[in-house]
Amino acid sequence: MKNLSIPLLLFLFVGASAAQAQIDLPENFSLLADQMGVDFMAPLDAGYKDIRVYSNRHQNYELAIRSRKEKLEIRYHLETEDERHPMTSLPHIRCIQMISNLASNQEEKVVSALSLPDSLTAADLNADWAKVFFFEPKKDFSTRLTCQMLAMYKEGRGMVFAYFLFDKPPTALDNRLLTIRFEELDNG
């Protein structure tokens, strides 16, 4: 019985490593993340895999992952701060622009702006500012019924957008907010 536990542990370790290896980061995402000091931490559970990134007339993104188990797709978009483009340093206004691009234009549809969940703060994301928005996305952006958009900003680095697309929210939705954050940089 004791001999079975070692192979089982080995299987679980290899399985977890294989799950991590299923996410291949596109070069443009990796370059932007390095430039901005952004950490991406792929979920190790729920069978997440990277999926093809398609050009989108409403909003492009650099990375997309999906879990069939959770019925959740997550897309990531990184924007470096650029002094030639003032909106890149005004997160409140940039979010309104982003929602205008992505949210359904139907009159009866609502956009909700919320604080982060109680279990998470902007400091946990190493961000100067962070907010969560819920809306129904334009059908050209996603056929899912709901988009939860995490927007976060770090002065001197830029903005990170994560789009969580689903029909019914998975139980781990709040935990998925931690898949991306700004790195803590040493000041020494």
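Computed from a predicted model, the values in this text were never measured in an experiment. Count residues from 1 along the sequence.
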Enquirer: Do any pairs count as a ring pair (Phe, Tyr, Trp, His ring centres under 6.0 Å) and have a residue in residues 61-107, sequence neighbours left out, and if so which ones?
Expert: Phe40-Tyr76, His92-Trp129

Enquirer: How far does OG1 of Thr88 sit from CG of Asp82, to the nearest 0.5 angstrom?
Expert: 5.5 Å

Enquirer: With a 4.5 Å cut-off on side-chain heavy-atom distances among I, L, V, M, F, W and Y, is there a chain of contacts connecting Met149 to Phe134?
Expert: no

Enquirer: Return the CG to CG distance between Leu32 and Leu63, rounded to the nearest 0.5 Å.
Expert: 11.5 Å

Enquirer: What pairs of donor and acceptor atoms, side-chain ones from residues 103-114 against any protein atom, are under 3.5 angstrom apart with sequence neighbours left out?
Expert:
unit_1	atom_1	unit_2	atom_2	d
Ser104	OG	Gln106	N	3.3
Lys109	NZ	Glu136	OE1	3.0

Enquirer: Within the 4.5 Å heavy-atom criterion, are Leu120 and Leu178 side-chain neighbours or not?
Expert: yes

Enquirer: Calculate, to the nearest 0.5 Å, the distance between atoms CD and OG1 belonging to Gln35 and Thr80 respectively.
Expert: 5.0 Å

Enquirer: Answer whether the closest heavy-atom distance between the side chains of Cys147 and Leu102 falls below 4.5 Å.
Expert: no

Enquirer: Residues in side-chain contact (heavy atoms from CB on, under 4.5 Å) with Ala172, at least two apart?
Expert: Glu70, Asn175, Arg176

Enquirer: List in chain and number order the residues that pass side-chain contact (heavy atoms from CB on, under 4.5 Å) with Ser30, two or more places apart in sequence or in another chain; answer none if no residue qualifies.
Expert: Leu25

Enquirer: Tell me whether Leu150 shares a hydrophobic cluster with Leu173, the cluster being built from Ile, Leu, Val, Met, Phe, Trp, Tyr side chains joined at under 4.5 Å.
Expert: yes

Enquirer: Using the side-chain contact (heavy atoms from CB on, under 4.5 Å) criterion, which residues pair with Asn101? Sequence neighbours excluded.
Expert: Gln59

Enquirer: I need the Tyr54 OH to Asn60 CG distance, nearest 0.5 Å.
Expert: 13.5 Å

Enquirer: Apply side-chain hydrogen bond (donor to acceptor under 3.5 Å, both in side chains) to Thr121 and list each qualifying residue two or more places apart in sequence or on a separate chain.
Expert: Asp124

Enquirer: Do the non-hydrogen side-chain atoms of Ile74 and Ile180 ever get within less than 4.5 Å of each other?
Expert: no

Enquirer: For residues Met36 and Met98: do they belong to one hydrophobic cluster (side chain heavy atoms under 4.5 Å, members Ile, Leu, Val, Met, Phe, Trp, Tyr)?
Expert: no

Enquirer: What is the minimum heavy-atom distance between Ala33 and Leu78, and which atoms define it?
Expert: N-CD1, 3.6 Å

Enquirer: Scan the side chains in residues 152-170 for donor-acceptor partners under 3.5 Å anywhere in the protein, sequence neighbours excluded, and list what turns up.
Expert:
unit_1	atom_1	unit_2	atom_2	d
Tyr153	OH	Glu81	OE1	2.7
Lys154	NZ	Asn126	O	3.3
Arg157	NH1	Gly37	O	2.9
Arg157	NH1	Glu183	O	3.0
Arg157	NH2	Glu183	O	3.1
Asp167	OD1	Leu145	N	2.9
Asp167	OD2	Arg144	NH1	3.3

Enquirer: Quick check: do Pro43 and Ile65 have side-chain heavy atoms less than 4.5 Å from each other?
Expert: yes

Enquirer: Is the shortest side-chain N to carboxylate O distance from Asp140 to Lys138 below 4.0 Å?
Expert: no

Enquirer: To the nearest 0.5 Å, tell me how far Phe135 CZ sits from Ile99 CD1.
Expert: 6.0 Å

Enquirer: Under 4.5 Å side-chain heavy-atom separation, chaining through any Ile, Leu, Val, Met, Phe, Trp or Tyr, what else clusters with Ile93? Say none if it is isolated.
Expert: Met87, Leu90

Enquirer: Can you pull out every salt bridge (charged side-chain N to carboxylate O under 4.0 Å, His left out) where at least one residue sits in residues 92-103? Sequence neighbours excluded, please.
Expert: Glu79-Arg94

Enquirer: Which atom names give the shortest non-hydrogen contact between Cys95 and Ala151, and what distance separates them?
Expert: SG-CB, 3.3 Å

Enquirer: Holding to salt bridge (charged side-chain N to carboxylate O under 4.0 Å, His left out), I want the full list of residues that pass it with Arg52, two or more places apart in sequence or in another chain.
Expert: none

Enquirer: Going by the rule side-chain contact (heavy atoms from CB on, under 4.5 Å), which residues pair with Asn28 if we only count those two or more places apart in sequence or in a different chain?
Expert: Pro26, Glu62

Enquirer: Should we say atom NZ of Lys71 is surrounded by more than 12 heavy atoms from elsewhere, each under 6.0 Å from it?
Expert: no

Enquirer: Grab the two heavy atoms, one from Tyr48 and one from Ile23, that are nearest each other, plus how far apart they are.
Expert: O-CD1, 3.7 Å

Enquirer: Would you check if the side chain of Ser67 reaches a backbone N or O of Ala46 as a donor-acceptor pair within less than 3.5 Å?
Expert: yes

Enquirer: Quick one: closest heavy-atom pair of Val53 and Ala64, and the distance?
Expert: CG2-N, 3.9 Å

Enquirer: Partners of Arg75 by side-chain hydrogen bond (donor to acceptor under 3.5 Å, both in side chains), sequence neighbours excluded?
Expert: Glu73

Enquirer: Which atoms form the tightest heavy-atom contact between Ala130 and Leu116, and what is the distance?
Expert: CB-CD1, 3.8 Å

